[in-house]
Amino acid sequence: MKVIVIGAGAAGMMAAITSAKYGNEVILLEKTKSIGNKLKITGKGRCNLTFDGDIEDFKSNIVKNSKFMYSSFSNFTNKDAVEYFNSIGVKTKVERGGRIFPVSDKAEDIVLALKNELRKYNVKIDYETELRDFIIKDNTLIGIRTNKKDYFADKFILCTGGKSYKATGSSGECFEILKKYGHNIIDLRAGLVPLKSNDEICNKLQGLTLKNVNFKILDKEKIIYNSFGEMLFAHFGLTGPIVLSGSSLLNRLENLGDKFTKKDICGIIDIKPALSLETLDKRIKRDFDKYSNKEFKNSLVDLLPQKMIPVIVELSNINPDKKVHQITKEERGRLAYLIKNLKIQIVDLMPIDIAIITCGGVDVKQVNPKTMESKVIKNLFLAGEVLDVDAFTGGFNLQIAFSTAVAAGKNI
Ligand SMILES: Cc1cc2nc3c(=O)[nH]c(=O)nc-3n(C[C@H](O)[C@H](O)[C@H](O)COP(=O)(O)OP(=O)(O)OC[C@H]3O[C@@H](n4cnc5c(N)ncnc54)[C@H](O)[C@@H]3O)c2cc1C
């Protein structure tokens, strides 16, 4: 059978290899000059290819449409992914939080290994070949138009990704083609993206990483996200793993732009989540006893990162030059509360082009979860980020790409 796979990212390469293994004649079309462009930059160039855990971990880390993933994941799990990459020469290791990386710490090694597999199974790659339109007969995809020529085949697997990091090739034009032929495209929004803030605090603290903090996102009084881990202040606002994950829930609010203009959204950082308010107050009291003759501004060295001290001092409304022994109990209580509730106004998500993933995509109601075949057009299969499935950081998004690609590759 002749198979055309469109898009040579993580999903496209895996789908092409899988279908070629079953004896199909496979052509992989890629619009840029190289393959695996996004894969090469994953995990800061180290590629967090999957996770160490079970299906429950997978489900709880998928933000949208985890049920849709059940069948394809069961058929090609994270353990299968590790086994597969080990078998093609990429040794892997597990790091903090169950993140799995190549031992070499090189994402490039994953791409090279997949490239070798493509060669081994005689997958022909046509570079700089861009899908422009479908050729459809009786509701069946029989061919595609590209910038170069028309291609005809028995089955087609579309793996053109989302809409972020355009320079890697995933610019999102295929969603228009899919829409034209009856697919419902769920709103494309930036996911795993930094949050923008105009708060002076971010400017003052830019470059500061906070580890083991708690980060909440509030819509008015309602908590829409609450997580523990690492975050980073930047000149534009907030970033780092727990902030990025939070963005993937924030982007789902209805009337998002409207909420931002009304300034309903804020982030709350608990710098000392291991201590209750009461325990923190006692801890501050101990420090104040130790530094009782110093000025307030010089009394927080044991408690906070250096860069943060002037910011907290200013926000506390306690005179920075006041002697520590003169600080009242009420002032100390206010300081403890501030340290556990540092408020940052969020004004927007950063643009989709710098988002790690695109949320939204082809409505999974229109896709068979076992085979990945479109229910709208026959002989069209879909895999990877083009689908409306997305997950938090931790290797889950690549696992989605691999599992859906293997399902499509096997089931054509
Ligand atoms: C900076 C960054 C770091 C990341 N790190 C991680 C990580 O460590 N772990 C993790 O799990 N996930 C990570 N992700 C997410 C992960 O990379 C994606 O979810 C995954 O690559 C999606 O794979 P895909 O094959 O569906 O799409 P893509 O990798 O985007 O591939 C799509 C391919 O289709 C091609 N294409 C597009 N349109 C056309 C067309 N019209 N014709 C022909 N070809 C076309 C593109 O050129 C591209 O090669 C990261 C993402 C980014 C941006």
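Side chains included, hydrogens not; waters and symmetry mates left out as well; all remaining heavy atoms used. Counting starts at 1 for both ligands and their atoms, in listed order.
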Report summary line: residues 28-46 vs salt bridge (charged side-chain N to carboxylate O under 4.0 Å, His left out), sequence neighbours excluded, gives K31-E173, R46-E95, R46-D105
Donor-acceptor contacts under 3.5 Å from residues 186-212 side chains, at least two apart:
unit_1	atom_1	unit_2	atom_2	d
D187	OD2	R189	NH2	3.4
R189	NH1	N251	O	2.4
R189	NH1	L253	O	3.3
S197	OG	D199	N	3.0
S197	OG	Q345	O	2.7
D199	OD2	Q345	N	2.7
N203	OD1	Q206	NE2	3.2
K204	NZ	E314	OE1	3.1

Query raised in the report: List by chain and number: which residues place a heavy atom under 4.0 Å from ligand 1?
Result: I6, G7, A8, G9, A10, A11, E30, K31, T32, K38, I41, T42, G43, N48, T129, E130, L131, C159, T160, G161, Y165, T168, G169, S170, E173, C174, I356, I357, G384, E385, G395, F396, N397, L398
All N/O donor-acceptor pairs, side-chain side in residues 153-166, below 3.5 Å, sequence neighbours left out:
unit_1	atom_1	unit_2	atom_2	d
D154	OD2	K2	N	2.7
K155	NZ	N379	OD1	3.2
S164	OG	A355	O	2.9

Query - Straight-line distance of L300 CG to Q306 CD, nearest 0.5 Å - result: 9.5 Å
Query raised in the report: Between N214 and D270, does any side-chain donor sit less than 3.5 Å from a side-chain acceptor?
Result: no
Query raised in the report: Do S74 and S71 have a side chain donor and acceptor closer than 3.5 Å?
Result: no
